[in-house]
Structures are given as C-alpha cells and as structure tokens.
Amino acid sequence: MKCVKVKKKKAQTMLNILRKKDLLNNNYKNESDKNYVYIPVIEDTKKKFPDLNFIDKNLVKVETKDNLKQMLENKLSKKELDKLITSFDVIGNIAIIQVPDELIKKQKVIAQCLLKLNKNIKTVLKRAGIHKGEFRTLNLEHIAGIDTKQTIHKENGVKIKLDVEKVYFSPRSSTERKRISGLVKDEEKILVMFSGCAPFPLVLAKNTNAQKITGVELNPIAHKYAKENLTLNKINNIELYLGDVRKIVPTLAEFDRILMPLPKTGEDFLDIALNASKNKSIIHFYDFSDEKDFPDLSINKIKKAAEKFNLSFKVLDSVKCGDYSPGVHRVCIDFQITKICGEEQSQ
Ligand SMILES: C[S@@+](CC[C@H](N)C(=O)[O-])C[C@H]1O[C@@H](n2cnc3c(N)ncnc32)[C@H](O)[C@@H]1O
C-alpha cells in the first residue's frame with residue numbers, strides 16, 4: 001500500500017492538503033509509530049507531489065461505511081452527518097442506499113463518494129419505499145454511476161442475475177442459504193416455494209447432492225431471470241414453475257424438504273406445504289417475529305395449521321436470520337413431520 005511518511009507534528013497539515021486534493025486512499029487507516037504518521041494515498045499523489053516521502057506499507061482496511069462518513073466530513077454539515085445512514089446493501093455492483101429527507105439535496109454527493117470509495121460499485125440507487133405487493137419488490141431511484149438496475153450478484157459459489165427493482169432479492173440472506181445447504185442430505189427432493197430469481201435453488205444445487213430442486217414463483221420477471229440463472233450456472237437438477245404456489249404445488253409429488261421463504265404471509269401457505277409433505281419431511285417456515293414472541297408465536301402458527309391436517313411435528317431448530325425492523329426479526333422454524341397423531345411436539 002502506497003503511503004506518505006510524515007513527521008507527527010506535520011501530519012494534520014499534510015492530511016488536510018491531501019484531503020483537499022482528493023488524494024487520500026480512504027480504504028485504509030492511517031498508522032503511526034513514535035515519530036511518524038503513515039498516510040495511505042492514491043497512485044496520482046506521486047505525480048502531484050513528487051517530493052514527498054513515499055513508502056510501501058501494509059495498512060489496515062477501513063469499513064466502507066466508516067470511510068463514507070470520513071469522506072463526507074467536509075461536504076456535509078455536522079447536523080447532516082448525524083443524519084447520514086452509512087449502512088447499505090450491495091447487490092452485484094449496485095449499491096442500494098437510504099437517504100433521509102433532510103439529506104435529499106446531498107444525495108448525489110453521498111452517492112458519488114460511495115462510487116469513489118468502493119471500486120466494485122458502479123451504480124448507486126436509492127430506496128424509495130419499502131418491499132411491497134405480492135412480488136415483494138422495492139421502488140428504486142437512480143442517483144449516480146451507470147444507469148442500470150440489472151446486475152449479476154455472486155454468493156455461495158453461484159451467480160445470480162436480476163433486476164434489483166423488479167425482483168425481490170436480499171444479499172443479507174446468503175448466510176441463511178448456506179445454513180440450509182448444510183442441512184440437506186444426499187438425494188433429497190426439495191421444493192422451494194416463492195423461489196424468486198432462484199437464489200435458494202441455485203445455492204442448494206451448487207452446494208449439496210440433492211437429487212432435484214423444484215422452484216415455484218409468481219413474478220414472471222423473477223421467473224425469467226431464474227431460468228437464465230440456470231444456464232448461467234450450468235445447473236440441470238432444478239425445475240422451475242411460473243405461477244401461484246396454491247395452484248402449482250398440489251399438482252406436484254411429495255418432497256423431502258420444503259422451503260417457505262415468504263415471511264410476510266408465509267403462514268397462509270402452511271396448508272400447501274403440509275399437503276406436499278410426507279412422514280419425516282422437513283419444512284423451513286419463515287416468519288417475522290418480535291423478540292418477545294420468538295419462537296412461540298411462529299411455532300403456534302405451525303401448530304394451528306398442522307391440527308387441521310391432523311399432523312404432528314417436532315421443531316428441529318428456531319433461528320433468527322435477519323432483522324426486519326428494530327426488535328423484529330426474520331426467523332426460520334425448521335420442523336419435521338412426524339405424522340403420529342396426538343403426539344406432543346417437542347421443542
Ligand atoms: C420474499 S421473496 C423471496 C424470493 C426468493 N426466494 C429469495 O429468497 O430471494 C417472496 C417471493 O414470493 C413470490 N410470491 C408471492 N406470492 C406467491 C405465490 N402465491 N406463489 C408463488 N410465488 C409467490 C414473490 O413474487 C417473491 O418473489
């Protein structure tokens with residue numbers, strides 16, 4: 001890492017000059033020893049200030065979000081900096097940021113700093129609302145960089161192509177997708193209800209020895225990308241259906257494992273999942289849950305549905321796998337059908 005080595009007492013002045021000229025490499029932290037400060041700089045610095053003392057040194061990387069605040073220090077007022085939301089999602093090379101109303105006039109500056117800070121980000125979009133409707137999609141506004149909403153995201157060994165506005169996708173669920181992959185046994189037949197552009201089917205196909213994975217999705221654009229993603233990843237044990245889970249799943253065979261990644265209204269589809277299961281099938285039921293209700297309320301939803309079918313089940317695991325809003329988690333209840341009527345569920 002290229003740095004400028006400068007005497008401690010001159011460090012602040014040097015920092016101010018380099019910052020003003022946009023020559024700081026904000027991806028790394030300054031370091032110091034007894035007498036000197038080492039300031040990470042970009043390549044161009046040598047051309048502009050050839051007489052400085054340049055050395056190569058390994059410096060600690062800075063989180064982009066910390067960096068963003070630092071980089072905006074002389075572009076936003078103290079009050080504006082306090083309002084800044086430094087966390088953001090990255091899907092492929094698109095960053096999705098949130099801009100509070102008070103900072104709308106500064107959104108371009110914020111987005112441009114983000115582009116500068118993270119060379120993998122080529123586009124910055126702003127969230128304009130929340131996930132809504134049957135397709136759980138999100139309105140997004142282009143702020144800076146390449147004007148596109150299509151990208152290819154990489155996770156868990158797969159490539160996922162999608163339009164981030166027209167298709168639901170959360171990069172934050174990658175750990176959960178990995179967790180489920182770790183539970184799958186050889187030769188399983190798996191159903192992914194609400195499969196979107198196929199992140200779950202792809203990750204399961206790539207990371208397990210499942211025999212077949214079936215995905216069902218209502219959003220035609222998500223389904224189109226899902227089909228494209230099978231080719232992109234050269235996968236041939238996934239079968240995809242476009243349509244309503246309620247209509248399609250009853251026409252399919254039984255499954256060893258069923259995923260229900262629709263936390264908002266998933267409980268309305270528990271009957272469909274139970275109907276497509278057999279003895280020993282495992283179901284992953286996603287739900288939103290208040291901290292205080294976890295996991296009882298979600299388990300009670302399963303209990304109510306299972307009673308109607310006269311089915312028994314045992315809970316294998318209850319996990320928090322994301323945050324929906326303060327104090328409200330995205331949760332998953334893993335449960336197994338035991339079919340032995342009247343048996344108490346064990347938790
Ligand atoms: C929360 S998203 C999850 C998408 C994907 N599994 C993922 O993890 O990125 C829920 C998906 O369910 C789809 N969906 C909603 N209702 C449906 C239904 N009745 N039948 C099939 N898919 C449905 C939506 O279009 C959306 O793509």
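Counting convention: from 1, in listed order, for ligands and their atoms alike. Hydrogens, waters and symmetry mates are skipped; everything else that's a heavy atom, side chains included, is used.
Of all the heavy atoms of C197, none lies under 4.0 Å from any atom of ligand 1, so neither backbone nor side chain is involved. Contacts of R177 with ligand 1, taken as heavy-atom pairs under 4.0 Å, involve the side chain alone.
Under the 4.0 Å criterion applied to side-chain N and carboxylate O atoms, K292 and D290 are assigned as salt-bridge partners.
A side chain to side chain contact (heavy atoms under 4.5 Å, CB included) with P263 is found for one member of F288, Y324, F194 and no other, namely F288.
For atom 2 (S) of ligand 1, the closest heavy atom belonging to the protein is Y168 CD2, 3.3 Å. If you check which protein heavy atom lies closest to atom 22 (N) of ligand 1, you get L218 N, 3.2 Å. Summary of contacts: the protein heavy atom closest to atom 15 (C) of ligand 1 is E134 O, 3.1 Å. Taking atom 5 (C) of ligand 1 as the reference point, the nearest protein heavy-atom neighbour is F194 O, 3.5 Å.
For the residue pair S298 / D287, a side-chain donor-acceptor distance below 3.5 Å is found, with atom types taken as modelled.
Residue-environment remark: NZ (K278) exceeds the threshold of 12 foreign heavy atoms within 6.0 Å. Within a 6.0 Å radius of CG in N58, other residues, nucleotides and ligands contribute 12 heavy atoms or fewer.
In terms of polar-atom proximity, defined here as any N/O pair under 3.5 Å, D244 does make such a contact with ligand 1.
Residue contact check for ligand 1: E217 places a non-hydrogen atom closer than 4.0 Å to it. Within the 4.0 Å heavy-atom shell around ligand 1 one finds P261.
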Please report the C-alpha distance between F309 and D271 in whole Å, then the side-chain angles of each, then the deciding distance to 0.1 Å, and finally whether the side-chain contact (heavy atoms from CB on, under 4.5 Å) criterion is met. CA-CA 8 Å; F309 283 79; D271 58 334; 3.6 Å; yes

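Residues V37 and K8 share a closest heavy-atom pair of CG2-CG, 3.8 Å.
Hydrophobic clustering of Ile, Leu, Val, Met, Phe, Trp and Tyr side chains at less than 4.5 Å, counting indirect connections, keeps L15 apart from Y38.
Listed by number with element, the atoms of ligand 1 under 4.0 Å from a non-hydrogen atom of S195 are 5 (C), 6 (N). Atoms of ligand 1 found under 4.0 Å from any heavy atom of F269 (numbered from 1 in listed order, with element): 19 (N). Near L262, meaning under 4.0 Å from one of its heavy atoms, ligand 1 places the atoms 10 (C). Atoms of ligand 1 found under 4.0 Å from any heavy atom of V245 (numbered from 1 in listed order, with element): 18 (C), 20 (N), 21 (C).
Comparing P199, G243, P263 by heavy-atom distance to atom 9 (O) of ligand 1, the nearest is P199.
Under the 30°/60° scheme for interplanar angles, the aromatic rings of H131 and Y168 are found to be tilted.
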